[in-house]
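These numbers come from the heavy atoms of this one structure, side chains and all, not from hydrogens, waters or symmetry mates. Residue numbers count from 1 along this sequence.
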Amino acid sequence: MTASREHFSSRLGFILAAAGSAVGIGNLVGFPVNAAKNGGGAFLLMYALFVFFICLPVMIAEMAVGRKTQKEPVGAYKSLSGDSKFWGAAGFLGVLTPFMIAVFYMVITVWIFGYIVMILTGNLDALTQPDYFTNFVKDGYLFGYLVAVAIIVNIILVAGVKDGIERAAKILMPALLVMLLMMVVFVLTLDNAFAGVKFFLIPDVSKITPSVVNSALSQAFFSLSLGMGILITYGSYITRKTDIAGSAKLVALTDTAVAFTAGLMILPAIFSFDPNVNPDELSNSGVSLIFVLLPKIFFALESSIGYAGASAIAVFFFTLVFFAAITSLVSIIEVPVSYLVTEKSHSRKKALLTLLMTAGVLTVFALVSYGMVDFFSNFTSYAGQTKPFFDVVVDVFYDTILPLNGFLLCIFVSYRWKKHQLSKELSEGNESYAGSMMEKYINFSLSTFVPAIVLFIFINTVATKFF
Ligand code: PHE
């Protein structure tokens with residue numbers, strides 16, 4: 001253990017930072033669309049059950065491994081397995097994955113930043129033109145926006161855990177929550193908004209198919225930032241007095257509440273713009289929703305609140321998404337930063353510089369892979385499709401390796417580190433944990449059905465995505 005390891009200053013700071021990681025573009029845009037398409041209230045209920053009964057134990061286990069070892073994934077796996085080569089490799093995957101996910105998440109954040117700049121400079125109308133987004137992703141200005149976002153992330157991360165990550169979360173998370181509520185209130189006053197609310201909440205059980213169940217679980221898993229080494233790393237920054245299980249519950253609750261509230265913002269907005277909308281036709285990823293459909297919805301407000309008013313609402317919305325993206329981005333880049341600091345004895349500054357030169361280059365490759373540079377735009381082919389570099393990174397790391405990491409973690413904690421050690425760790429900071437129902441449930445689920453389910457998702461994704 002490094003004597004000088006920094007810690008979050010309070011439990012609240014830790015919860016906000018972890019919630020900042022969990023609340024991201026996935027909650028604000030991905031979840032509402034998924035829920036709308038896949039059974040509304042029925043999806044919501046299933047999602048909430050998955051969050052609390054399947055994902056929460058994994059979240060708690062990640063935090064416990066981090067706090068016990070005071071290390072990031074590589075150091076954590078190694079030190080709890082007596083330096084096993086296999087588990088060291090699993091830990092390495094736990095650092096490589098966030099490194100690669102950061103690459104494409106950064107690109108989306110850069111696009112959002114670019115949209116904010118466009119709207120602030122009076123160009124909301126331009127964003128509504130057909131093919132605008134297709135051309136925007138080839139715009140040379142993106143390099144400038146990339147530099148700007150990189151500087152913001154760097155300023156937060158170089159300041160460290162307490163003064164950087166925690167302070168940013170303490171400012172951005174409350175701001176985000178207030179902005180989200182204000183947006184909901186505004187959207188609900190629009191004509192036809194309640195048709196969207198109805199659509200979001202009324203359960204349609206007939207839409208629930210095995211693939212919907214699979215996507216609800218994947219959405220829950222990703223939304224809580226599991227399998228990315230983030231919660232191991234953040235767990236290593238909490239003190240032994242912190243109640244891990246109780247904190248994790250609050251993080252999961254916040255994340256789910258934000259996803260739910262985002263549904264009350266996005267769907268009524270869509271219905272008020274087009275009362276005859278067919279949500280089945282919305283794209284799954286949410287990317288075309290934020291960058292293509294939403295600008296049109298905001299622009300349509302011009303007739304009631306004028307161009308400046310419509311632009312103000314649009315900037316407000318994109319800033320909200322930007323805040324969510326920044327706190328997620330910071331958390332994911334902290335994993336390789338922590339790896340370089342803990343395992344390679346870099347200073348934070350040097351670690352960030354190393355990442356800028358490695359992940360930064362890959363980010364540029366992803367940025368130019370939507371039409372700017374042919375080589376990266378047609379990077380490789382599988383399952384009969386030619387894919388840009390950006391999509392390959394998403395398919396491999398986000399969709400596929402994440403569940404594998406989740407599976408490895410469950411096996412590691414239950415069978416290598418051992419359940420009684422986990423219980424011991426979780427009892428610190430929570431005297432009533434030992435012997436509780438929660439303890440029994442966590443130990444049982446992590447050693448049986450949770451790894452089985454995430455392994456199934458991994459195999460299913462490999463089989464459907466790549467062949
Ligand atoms: N939980 C995030 C979301 O819902 C996912 C994420 C976290 C992605 C951290 C990247 C980094 O969007």
Side-chain angles (χ1 to χ4, degrees), residues 24-26 29-34 36-38 93 96-112 114 130-139 142 146 207 209-219 221-223 227-228 278-294 332 359 361-407 454-467:
I25 303 168
V29 202
F31 176 81
V33 175
N34 248 313
K37 291 172 67 156
N38 298 324
L93 201 57
L96 180 68
T97 309
F99 177 87
M100 294 304 293
I101 290 179
V103 164
F104 82 81
Y105 213 76
M106 182 82 175
V107 172
I108 300 180
T109 311
V110 166
W111 292 340
I112 292 168
D131 288 336
Y132 179 82
F133 183 63
T134 325
N135 294 318
F136 171 79
V137 293
K138 294 185 221 159
D139 191 341
L142 290 178
L146 173 61
K207 288 261 179 72
T209 61
S211 89
V212 170
V213 175
N214 191 336
S215 80
L217 184 55
S218 306
Q219 170 82 24
F221 195 84
F222 305 144
S223 188
M228 309 188 196
N278 176 2
D280 289 341
E281 283 163 16
L282 297 171
S283 97
N284 251 336
S285 70
V287 167
S288 71
L289 177 83
I290 345 186
F291 295 109
V292 181
L293 182 58
L294 284 176
I332 205 158
V361 170
L362 292 175
T363 304
V364 171
F365 294 167
L367 190 73
V368 300
S369 77
Y370 272 6
M372 266 196 255
V373 175
D374 275 348
F375 176 76
F376 292 107
S377 305
N378 305 309
F379 191 67
T380 184
S381 307
Y382 44 82
Q385 275 179 305
T386 303
K387 298 262 191 163
F389 181 66
F390 181 103
D391 292 30
V392 176
V393 176
V394 176
D395 287 350
V396 173
F397 289 95
Y398 200 67
D399 283 327
T400 313
I401 306 286
L402 280 195
L404 178 63
N405 287 342
F407 169 74
V454 281
L455 181 65
F456 174 78
I457 293 191
F458 167 70
I459 294 170
N460 191 29
T461 310
V462 172
T464 50
K465 274 234 175 265
F466 299 99
F467 299 100

Are any non-hydrogen side-chain atoms of Met106 and Leu146 less than 4.5 angstrom apart? yes
Taking C-beta and beyond as the side chain, do Asp131 and Thr134 meet within less than 4.5 Å on heavy atoms? yes
Heavy-atom nearest pair, Leu93 first then Pro98, reads O-CD, 4.4 Å
Closest heavy-atom pair, Tyr382 versus Asp395, reported as atoms and distance to 0.1 Å, is OH-OD2, 2.7 Å
Flag if over 12 foreign heavy atoms under 6.0 Å of CZ, Phe456: no
Nearest-0.5 Å distance, OG of residue Ser218 to CD1 of residue Ile457: 4.0 Å
Kindly determine whether Thr386 and Ser381 satisfy side-chain hydrogen bond (donor to acceptor under 3.5 Å, both in side chains), including the steps that lead there. CA-CA 4 Å; Thr386 303; Ser381 307; 3.3 Å; yes
Measure up the Phe375 and Phe379 rings against each other and bin them: parallel (under 30°), tilted (30 to 60°), perpendicular (over 60°). perpendicular
Tyr398 and ring pair (Phe, Tyr, Trp, His ring centres under 6.0 Å): which partner among Phe222, Tyr105, Phe390? Phe222
Supply the atom-to-atom distance Ile401 CD1 to Leu96 CG, rounded to the nearest 0.5 angstrom. 8.0 Å
With side chain to side chain contact (heavy atoms under 4.5 Å, CB included) as the test, would you mind laying out the steps for Val137 and Phe291 before giving the verdict? CA-CA 11 Å; Val137 293; Phe291 295 109; over 6 Å; no
What heavy-atom pair brings Ser377 and Met372 nearest, and what distance separates the two atoms? OG-N, 4.1 Å
Side chains of Trp111 and Tyr370, heavy atoms from C-beta outward: is any pair under 4.5 Å? yes
Ignoring hydrogens and geometry, is there a side-chain-to-backbone donor-acceptor pair from Asn38 to Asn34 under 3.5 Å? yes
Are the side chain of Ser215 and the backbone of Val212 linked by a donor-acceptor contact shorter than 3.5 Å? yes
Residue pair Leu402 / Phe221: nearest heavy atoms and the distance that separates them: O-CE2, 3.6 Å
When the ring planes of Phe365 and Phe376 are compared, do they come out parallel, tilted or perpendicular, using 30° and 60° as the limits? parallel
Nearest 0.5 Å, what's the CG-OG1 distance between Asn214 and Thr464? 7.5 Å
Could you check Thr380 against Phe389 for side chain to side chain contact (heavy atoms under 4.5 Å, CB included), going step by step and ending with a plain yes or no? CA-CA 8 Å; Thr380 184; Phe389 181 66; over 6 Å; no
May I ask you to test the Val103-Phe397 pair for a side-chain heavy-atom distance under 4.5 Å? no
Does any non-hydrogen side-chain atom of Pro403 lie less than 4.5 Å from one of Leu455? no
Minimal heavy-atom distance between Lys465 and Ala383, with the atoms involved, is O-CB, 3.5 Å
Given 3.5 Å as the limit, does a donor-acceptor pair link the side chain of Asp139 with the main chain of Asn135, or not? no
Do Phe104 and Asp391 have side-chain heavy atoms sitting under 4.5 Å apart? no
Out of Asn405, Val396, Ile332, which one pairs with Thr97 under the side-chain contact (heavy atoms from CB on, under 4.5 Å) rule? Asn405
Can you measure from CG (Asp399) to CD1 (Ile101) and round to the nearest 0.5 angstrom? 9.0 Å
On a heavy-atom basis, the closest approach of Ser369 and Ala366 is OG-O, 2.9 Å
